[in-house]
Q: 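Here it is, the structure, as structure tokens.
This chain uses plain numbering: 1 for the first residue, then up along the sequence.
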Amino acid sequence: MESMEYEMARNMTLLFFLERLLDKGEPRTVHDLSCQFGNKEFTKEMRQIAGGSQSVGSSVVGIKFDGGVLVAADTLVSYGSLARYQNVDRIFKINDKVLLGGGGDFPDVQSIKFTLDQKVIDDYCRSDSIVINAKAASTLINRILYGRRIAMQPLLVELVIGGIGHDNLPYLGSVGMHGGASEKYVVATGFGHELALPLVRDSKPQDRDFTLSEAAKLIRSCMKVMYYRDTRSIAQYTVGICTECECDVKGPFKVEESWKMAEQLIGF
């Protein structure tokens with residue numbers, strides 16, 4: 001694009017998202033904004049400026065337990081409002097210490113994964129027995145996303161990073177599109193903020209961490225609730241587990257769904 005065309009498209013893109021933020025009158029999630037790429041008013045030039053696409057993944061949930069972390073997400077990548085790609089892994093094993101879960105604009109998630117994969121290759125080539133751990137991966141992603149924000153070219157993602165951090169202790173954190181990072185015993189993206197976090201917090205023991213069996217049960221409950229309540233979710237999901245002895249992505253699994261209640265709904 002020419003310089004004048006670029007400036008016009010850039011201004012129109014900023015006005016488009018500003019209008020969407022003002023219309024709702026309350027904070028909007030990355031998932032809300034990512035879904036706007038399917039809007040007919042969002043032109044090809046505006047999409048080029050924003051650096052995004054219409055392929056969007058929904059919620060990711062992570063839970064830390066006494067020996068490691070669990071990270072789960074469904075396998076759907078939506079194309080606008082269409083459930084287009086239904087067998088896409090959104091939980092990635094980076095190395096034996098790091099799991100990555102991605103929500104938001106899926107091409108942007110893939111670009112972050114590519115960066116981490118390249119970092120793993122660089123570590124291997126140095127042959128110094130030092131590999132990136134979960135805490136270091138979270139810090140790296142934080143710097144990348146904050147740098148893109150400052151450059152006015154944000155990546156429209158919400159990421160969950162889990163695994164083994166310093167001193168071989170479990171680490172679980174999240175990084176948003178603006179580079180804001182947090183470390184907690186439970187993290188979520190998208191609708192998971194409203195649906196999964198309260199469910200896990202209500203079940204947290206006061207004086208200890210979750211056990212693996214407790215965390216696995218909560219993951220199943222969270223995925224079931226999000227499948228019922230989130231229109232951008234499907235019943236199939238994968239779960240990543242990372243401990244000192246194991247780091248792998250398992251599944252896909254299926255939500256144990258039941259729609260018998262639909263027989264009682266009338267008047268619609």
Q: Could you tell me which non-hydrogen atom of Val225 sits nearest to which non-hydrogen atom of Leu199, and how far apart they are?
A: CG2-CD2, 4.4 Å
Q: Could you check Asp230, Thr231, Thr189 and say which one makes a side-chain hydrogen bond (donor to acceptor under 3.5 Å, both in side chains) with Ser58?
A: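 When side-chain hydrogen bond (donor to acceptor under 3.5 Å, both in side chains) is applied between Ser58 and each of Asp230, Thr231, Thr189, only Asp230 qualifies.
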Q: Can you tell me how far apart SG (Cys242) and NZ (Lys93) are? Round to the nearest 0.5 Å.
A: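 It comes to 8.5 Å.
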Q: side-chain contact (heavy atoms from CB on, under 4.5 Å) between Arg232 and Val56: does it pass, once the steps are laid out?
A: CA-CA 9 Å; Arg232 298 293 186 271; Val56 179; over 6 Å; no
Q: Evaluate the side-chain contact (heavy atoms from CB on, under 4.5 Å) criterion for residues Leu100 and Val160: first the C-alpha distance (whole Å), next the side-chain angles of each, then the deciding distance (0.1 Å), finally the verdict.
A: CA-CA 6 Å; Leu100 174 70; Val160 172; over 6 Å; no
Q: Please report the C-alpha distance between Arg90 and Asp74 in whole Å, then the side-chain angles of each, then the deciding distance to 0.1 Å, and finally whether the salt bridge (charged side-chain N to carboxylate O under 4.0 Å, His left out) criterion is met.
A: CA-CA 7 Å; Arg90 295 194 291 118; Asp74 63 43; 2.9 Å; yes
Q: When rounded to the nearest 0.5 angstrom, what is the spacing between CG in Asp117 and NZ in Lys119?
A: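 Asp117 CG to Lys119 NZ: 13.0 Å, rounded to 0.5 Å.
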Q: Where do Tyr171 and Glu183 land on the side-chain contact (heavy atoms from CB on, under 4.5 Å) test, with the steps shown first?
A: CA-CA 8 Å; Tyr171 173 87; Glu183 178 183 355; 3.3 Å; yes
Q: So do Leu99 and Ile161 actually touch side chain to side chain, heavy atoms under 4.5 Å?
A: no
Q: Would you please say whether a donor-acceptor pair under 3.5 Å links the side chains of Thr75 and Asn87?
A: no
Q: What is the distance from atom CD1 of Ile144 to atom OG1 of Thr115, rounded to the nearest 0.5 Å?
A: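 Rounded to the nearest 0.5 Å, the CD1-OG1 separation comes to 4.5 Å.
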Q: Of all the heavy-atom pairs spanning Cys222 and Val200, show the shortest one and how long it is.
A: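 Here Cys222 and Val200 meet closest at SG-CG2, 3.7 Å.
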Q: Just checking, Lys204 and Tyr185: is the charged tip under 6.0 Å from the six-membered ring centre and within 45° of the axis?
A: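 Lys204 over Tyr185 ring: yes.
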Q: As a quick check of understanding, evaluate salt bridge (charged side-chain N to carboxylate O under 4.0 Å, His left out) for Asp122 and Arg126, giving each step before the final call.
A: CA-CA 6 Å; Asp122 292 342; Arg126 290 192 179 96; 5.4 Å; no
Q: Evaluate the criterion side-chain contact (heavy atoms from CB on, under 4.5 Å) for residue pair Ile241 and Val69; output intermediate values, then yes/no.
A: CA-CA 6 Å; Ile241 179 172; Val69 299; over 6 Å; no
Q: What distance do Lys224 atom NZ and Glu256 atom CD have between them, rounded to the nearest 0.5 Å?
A: 6.5 Å
Q: Which heavy atom in Met177 sits nearest to a heavy atom in Pro154, and how many Å separate them?
A: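 The pair with the smallest heavy-atom distance is CE-CB, 4.0 Å.
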Q: Would a single hydrophobic cluster contain both Leu172 and Ile219, if residues Ile, Leu, Val, Met, Phe, Trp and Tyr are joined by side-chain heavy-atom contacts under 4.5 Å?
A: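 No, Ile219 and Leu172 fall in different hydrophobic clusters.
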Q: Evaluate the side-chain proximity of Leu159 to Ile112: yes if any heavy-atom separation is below 4.5 Å, no if none is.
A: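 Sidechains of Leu159 and Ile112: in contact.
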Q: For Ile94 and Lys113, work out which heavy atoms get closest and say how close.
A: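 Heavy atoms only, the tightest pair is CD1-CG, 4.2 Å.
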Q: How long is the gap from CZ on Arg201 to CG on Leu218, to the nearest 0.5 Å?
A: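 Interatomic distance, Arg201 CZ to Leu218 CG, rounded to 0.5 Å: 13.0 Å.
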Q: Any chance OH of Tyr146 has more than 12 other-residue heavy atoms, nucleotides or ligands included, within less than 6.0 Å?
A: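 Not more than 12 within 6.0 Å, no.
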Q: Do the side chains of Phe92 and Leu140 join up, straight or via other hydrophobic residues, at under 4.5 Å, putting them in one cluster?
A: yes
Q: Is Val186 reachable from Val60 through a run of I, L, V, M, F, W or Y residues, each pair having side-chain heavy atoms under 4.5 Å apart?
A: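 No; tracing contacts between hydrophobic side chains, which count when under 4.5 Å, never links both residues.
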Q: To the nearest 0.5 Å, what is the distance between CG (Leu212) and CZ (Phe65)?
A: 4.5 Å
Q: Looking only at non-hydrogen atoms, find the nearest pair between Ile234 and Tyr227 and report the distance.
A: C-CD1, 3.3 Å
Q: Please report the closest heavy-atom contact between Ser233 and Leu76, naming both atoms and the distance.
A: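 It is N-CD2, 3.9 Å.
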